Protein chains: 2
Amino acid sequence: MMAIQYEKCPVEIAVDALSGKWKVLALWYLQHETLRFNELQRRLPGVSQKVLSQQLKELEKDGIIGRQVFAEMPPRVVYFMTEKGKAMKPILSSLFTWGTTFKP
Amino acid sequence: MMAIQYEKCPVEIAVDALSGKWKVLALWYLQHETLRFNELQRRLPGVSQKVLSQQLKELEKDGIIGRQVFAEMPPRVVYFMTEKGKAMKPILSSLFTWGTTFKP
DNA sequence: CAGCATCCTATTGGATACTG
DNA sequence: CAGTATCCAATAGGATGCTG
């Protein structure tokens, strides 16, 4: 695989960080709430555990969300937006506005 | 294939309309200019003709861009944003802002 | 020039079963 | 509860060649 030689445009950087079927929607629900894994999964009807955990891991790696583990039994893990993630709120709300305006 | 039973959230509607590797970037370049097929392709290094024409067709079908054909030789085809597409400008600029802020 | 058709590969995501 | 591991199907996208 060849490394990409040209400088990526900022739009591409944001698009790449959000690529994945459930990422934007997950962020939408994490905007105002800290949520556990299961709570998030219930809000995304159709997502499998594998894919949800995978996409959350990518968002975490990109610094967009954080993850906190409580050493309890049964285990509790919560996800929340970082500052870098909160900076995406204008993206989320403009998507929402457009979707609301042009809903079929 | 089963039809989806629940009402899609507006965010999903917008995300679906933009899903496709090159759509957002193509819209970015169509924001202020009307562009020919080749001009667009040159601005998206790496896209194949097949995929570009396919994604433009989807954007057209969704009413986000328009397409005008000039009966000339050689043929000229231009693409431009519709009003529905122009309503996406806040999405594009918020993506750009985030990408600029958190560029690696 | 602006594409379509064909073929092929890589990636994504879903189903299922299992675990600390 | 919050995942992993494995397997599989569907889709997206790239390469190439051809055409009005």
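Order of the sequence lines fixes the chain letters, A, B, ..., with proteins taken first and strands second; residue numbering starts at 1 for each chain. Given the structure is predicted, the values throughout are model-derived calculations rather than measurements.
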Check your understanding: Can you name the one residue among B:Leu18, B:Val24, B:Leu25 that meets side-chain contact (heavy atoms from CB on, under 4.5 Å) with B:Leu95?
Key ->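 With B:Leu95 as partner, side-chain contact (heavy atoms from CB on, under 4.5 Å) holds for just one option, B:Val24.
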Can you name the nearest heavy-atom pair linking [X] to [Y], along with the distance?
X: B:Val47; Y: B:Gln41; answer: O-NE2, 3.6 Å
X: A:Leu59; Y: A:Lys23; answer: CD2-CD, 3.8 Å
X: B:Leu35; Y: B:Tyr29; answer: CD1-O, 3.5 Å
X: B:Glu39; Y: B:Arg43; answer: O-NH1, 3.0 Å

Check your understanding: NA contact type, B:Tyr79, heavy-atom cut-off 4.0 Å: base, sugar-phosphate, or nothing?
Key ->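 B:Tyr79: backbone/sugar contact only, no base atoms under 4.0 Å.
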Revision key, fill the gap. Students should find that the end-to-end axis angle of the helix from C:dC1-D:dG20 to C:dG20-D:dC1, with five pairs defining each axis and rounding to 10 degrees, is 60°
**Study point:** side-chain N/O A:Lys21 vs C:dG14 OP1/OP2, d < 4.0 Å
**Key:** yes
Check your understanding: Within the pair B:Arg67 and C:dG3, is there a side-chain N or O less than 4.0 Å away from OP1 or OP2?
Key ->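 Checking C:dG3 against B:Arg67, a side-chain N or O does come within under 4.0 Å of OP1 or OP2.
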Distance check needed: [N] [atom2] versus [X] [atom1], whole Å only.
X: B:Arg42; N: C:dG3; atom1: CZ; atom2: P; result: 14 Å
X: B:Glu72; N: C:dC1; atom1: CD; atom2: P; result: 13 Å
X: B:Met73; N: D:dT19; atom1: CE; atom2: P; result: 14 Å
X: B:Asp16; N: C:dT12; atom1: CG; atom2: P; result: 17 Å
X: B:Lys23; N: D:dA12; atom1: NZ; atom2: C1'; result: 11 Å
X: A:Arg76; N: D:dA2; atom1: CZ; atom2: C1'; result: 13 Å

Exercise for review: With rounding to the nearest 0.5 Å, note down the distance linking CZ in A:Phe96 to CD1 in B:Ile13.
Suggested key: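 One finds 9.5 Å between CZ of A:Phe96 and CD1 of B:Ile13.
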**Study point:** For DNA chain C, the residues among residues 25-41 of chain B that have a non-hydrogen atom under 4.0 Å from it
**Key:** B:Arg36, B:Phe37, B:Asn38
Practice item. Mind checking salt bridge (Lys or Arg N to Asp or Glu O under 4.0 Å) for B:Lys21 and listing every partner two or more places apart, or none if nothing turns up? Key: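 Once residues adjacent in sequence are excluded, B:Lys21 has no partner under the salt bridge (Lys or Arg N to Asp or Glu O under 4.0 Å) criterion.
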Study note, to complete from the structure: Of B:Val77 and A:Ser19, the one whose nearest nucleotide on DNA chain C sits closer to the 5' end is B:Val77
Check your understanding: With under 30° as parallel and over 60° as perpendicular, where do the rings of B:Phe37 and B:Tyr79 fit, or are they tilted in between?
Key -> tilted
Exercise for review: Check step by step if side-chain contact (heavy atoms from CB on, under 4.5 Å) holds for B:Phe70 and B:Val78.
Suggested key: CA-CA 8 Å; B:Phe70 296 87; B:Val78 297; 3.8 Å; yes
Review point. Applying side-chain hydrogen bond (donor to acceptor under 3.5 Å, both in side chains), which residue pairs with at least one partner in residues 92-104 of chain B are found, sequence neighbours left out?
Key: A:Ser94-B:Ser94
Review point. Where along residues 48-63 of chain A does a heavy atom fall under 4.0 Å from DNA chain D?
Key: A:Gln49, A:Lys50, A:Ser53, A:Lys57
Review point. With sequence neighbours excluded, what pairs up with B:Lys89 under the side-chain contact (heavy atoms from CB on, under 4.5 Å) test?
Key: B:Gln31, B:His32, B:Met81, B:Lys86
